[in-house]
Amino acid sequence: MEYLIERIQKLKEKRRAVFLVHNYQIPEVQEIADFIGDSLGLSEEARKTRAEVIVFCGVHFMAETAAILNPEKTVILPDLEAGCPMANMISVSELVEFKSRYPGLPVVCYVNTTAAVKAESDIACTSANAVEILKSLPEAEAIFVPDQYLGHHAGKIAGKRIQAWNGYCPTHVLIQPEDIDKARREHPGAEVLVHPECTPAVTGRADQVLSTGGMVKRVRESSPSEFILGTEVGILYRLRKENPGKLFFPANEKAVCPNMKKINLEKIAWSLEEMKNVVKVDPGIRERAYRTIDRMLKVKSEK
Ligand code: 13P
Ligand code: SF4
């Protein structure tokens with residue numbers, strides 16, 4: 001493994017590359033990160049980077065977002081098969097038909113969507129800023145795609161009526177309310193942190209509903225020393241490494257996103273060596289998808 005890491009570091013210098021890594025990646029990949037974070041942090045980093053090549057260790061929509069923000073850069077997803085099933089739950093034609101049922105309503109798309117769906121939407125959001133994005137809209141009602149659970153959760157807090165597409169994350173719905181009840185019984189002093197992609201019965205039992213970046217921050221800044229995590233289990237590696245004095249328990253250890261686990265060191269080395277697995281976005285779609293993402297990033301920077 002040491003040889004492989006050395007080879008990757010040499011290739012990184014040669015290609016002037018940066019490694020952007022999502023919180024759910026396998027430990028070896030987290031270890032080589034230049035920046036590790038949630039979808040919002042990673043898209044902000046993708047926008048700022050001066051590197052010529054972005055190696056995106058996450059899933060396809062994240063790499064595609066980086067490519068939309070950086071048309072002049074090369075964005076590599078070390079395994080092009082690493083998709084997000086939730087992002088594939090709505091197509092452009094389905095969105096167009098859905099929109100026609102609610103004329104005049106703005107369309108908020110979760111960043112977990114294809115570039116083509118972003119191009120048909122008005123503003124993007126992530127799990128970290130969905131409430132703020134909804135609040136930023138003048139309308140009292142909005143279309144939200146594709147995650148029904150994030151849409152309804154954020155809508156409730158923002159005080160907006162939501163017409164949600166019926167998509168969901170197959171990994172987060174594995175976490176059941178009984179898992180939270182059992183974990184609380186086993187660890188009575190622990191704080192329960194849950195991702196908004198979980199079902200309402202699960203988010204309703206949580207102490208905090210947060211994006212993965214929000215969980216990292218909450219753990220760092222809060223006093224409890226035990227936490228139950230209702231999200232993909234990959235985040236536990238980072239939490240344990242950064243907080244050696246605290247204890248972390250997965251709400252359900254079967255909450256594994258198989259696509260996030262498709263990226264490994266061998267694939268990173270090979271794609272950087274061969275400059276393969278480059279993510280490209282059709283220029284016509286890119287321009288419209290860019291406006292949707294840029295509008296989201298502006299809401300944050302205006303704060
Ligand atoms: P975060 O933006 O909270 O990291 O979530 C991304 C994701 O895909 C969650 O399943
Ligand atoms: Fe998509 Fe769920 Fe995997 Fe996140 S955890 S990338 S939403 S399938």
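Residues take their numbers from the sequence shown, with the count starting at 1.
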| query | Can you say whether the rings of His172 and His195 are parallel (under 30°), tilted (30 to 60°) or perpendicular (over 60°)? | reply | tilted

| task | State whether the side chain of Thr292 and the backbone N or O of Ser121 hold a donor-acceptor pair below 3.5 Å, judged by distance alone. | result | yes

| query | Does the Glu178 side chain pair with the main chain of Ile175, one donor and one acceptor, at a distance under 3.5 Å? | reply | no

| said: Between Glu253 and Pro250 (side chain of the first, backbone of the second, donor and acceptor by atom type, cut-off under 3.5 Å), is there such a pair? | reply: no

| Do any N or O atoms from the side chain of Gln30 and from the backbone of Gln25 form a donor-acceptor pair under 3.5 angstrom? | yes

| request: Check the surroundings of atom CZ in Arg101: do more than 12 heavy atoms from other residues, nucleotides or ligands lie under 6.0 Å from it? | output: yes

| query | So, Lys261 side chain and Ile26 main chain: donor-acceptor pair closer than 3.5 Å or not? | reply | no

| field | Those residues that, when tested against Arg47, pass side-chain contact (heavy atoms from CB on, under 4.5 Å) (two or more places apart) | value | Leu69, Tyr290, Asp294, Leu297

| request: Determine whether more than 12 heavy atoms belonging to other residues, nucleotides or ligands lie under 6.0 Å from atom CZ of Arg240. | output: yes

| request: Would you kindly say whether Gln163 and Tyr102 are connected by a side-chain donor-acceptor distance under 3.5 Å? | output: yes

| request: Could you please spell out the steps behind the salt bridge (charged side-chain N to carboxylate O under 4.0 Å, His left out) verdict for Glu64 and Lys118? | output: CA-CA 11 Å; Glu64 203 174 49; Lys118 288 187 178 78; 5.1 Å; no

| field | Candidates Thr212, Thr171, Thr231, Asn259 - the one meeting side chain to side chain donor-acceptor pair (under 3.5 Å) with Tyr24 | value | Thr231

| Do side-chain atoms of Arg286 reach the backbone of Ile68 as a donor and acceptor pair under 3.5 angstrom? | yes

| said: Just checking Glu52: does its CD atom have more than 12 heavy atoms from other residues, nucleotides or ligands closer to it than 6.0 angstrom? | reply: yes

